[in-house]
Amino acid sequence: MSSIPAATDVLDASVDVLPLPDVAERLNQPITRVHQALRDRHLIAIRRKGVLMVPAAFLNDEGEVVKGLVGTITVLHDSGFGPDEMLRWLFAEDDTLPGTPIDALRGDRGREVKRRAQALAF
C-alpha cells in the first residue's frame, strides 16, 4: 500500500481544514476511500500540526466533493503543477472571478475555473 500524499501547509492559517476522519464522515465513506481519493488526486491533503487534513472548502453542504474540483486538480496536475502549487492557485484571490478559484467552483463556475487552469499550461 502506498503512502498518502500530502502537500506542504501553504494555506493561510484562517483556511478551515478537516482531519481525514471528519472528511470520511462528511462524505459518508470509509476512511480508506478518502485515502484512495488522495492517492488518485481527487483531493489534496496538507499536514497541519502533524495531522493530515483536507480544506473544508473542497466539500459541499450535501456531503460531496465540490463539483469540478477533481477535473480542475487533474488539469493542474497535467499542466505540471505540484500539490503545493495547486493549493496556492485554488486559494489565491482573483478579482476577475471574484474571490478565489475554489470559491468559483463552489459557486458553480467550474467551466471558467477549468478554462483558466488549462490556460496556465501554455
Side-chain (D84) to main-chain (T8) donor-acceptor, under 3.5 angstrom: yes

Closest heavy-atom pair, R47 versus A6, reported as atoms and distance to 0.1 Å, is N-CB, 4.5 Å

Would the distance check show the side chain of R41 and the main-chain N or O of V70 forming a donor-acceptor pair, the cut-off being under 3.5 Å? no

Report yes if some heavy atom in the side chain of D103 is under 4.5 Å from a heavy atom in the side chain of F91; otherwise report no. no

Minimum heavy-atom distance A117-S79, with the two atoms named: O-OG, 3.9 Å

Is any side-chain heavy atom of I31 closer than 4.5 Å to a side-chain heavy atom of P21? yes

Using the rule that two of Ile, Leu, Val, Met, Phe, Trp, Tyr join whenever any of their side-chain heavy atoms come within less than 4.5 Å, decide whether L43 and M53 are in one cluster. yes

Salt-bridge criterion met for E85 and R88 (N-O under 4.0 Å): no

Determine whether I102 and L105 satisfy the following criterion, side-chain contact (heavy atoms from CB on, under 4.5 Å), listing intermediate values before the conclusion. CA-CA 5 Å; I102 191 63; L105 285 173; 4.1 Å; yes

Is L59 close to V66 at the side-chain level, that is, under 4.5 Å between some pair of heavy atoms? no

Beyond-backbone contact of R39 with I4, side-chain heavy atoms, under 4.5 angstrom: yes

Before giving the answer on side chain to side chain donor-acceptor pair (under 3.5 Å), spell out for T96 and R116 the whole-Å C-alpha distance, their side-chain angles and the decisive distance to 0.1 Å. CA-CA 11 Å; T96 63; R116 290 173 186 224; 2.7 Å; yes

For the backbone of H42 and the side chain of D40, can you confirm whether one donor and one acceptor N or O come within less than 3.5 Å of each other? no

Option among I44, V23, L20 that satisfies the side-chain contact (heavy atoms from CB on, under 4.5 Å) test with L38: L20

Does the side chain of V54 reach to within under 4.5 Å of the side chain of V17, using non-hydrogen atoms? no

Side-chain donor-acceptor contact under 3.5 Å, R33 with Q36: no

On a heavy-atom basis, which atom in A92 and which in P101 lie closest, and how many Å separate them? O-CD, 3.2 Å

Applying a strict under-4.5 Å side-chain criterion to I, L, V, M, F, W and Y, I'd like to know whether L27 and I46 cluster together. yes

If we only count heavy atoms from C-beta on, is the P55 to L11 side-chain gap below 4.5 Å? yes

Minimum side-chain heavy-atom gap F81-L87 below 4.5 Å: no

One should read off an interatomic distance between K114 NZ and L69 CG, to the nearest 0.5 angstrom, of 10.0 Å

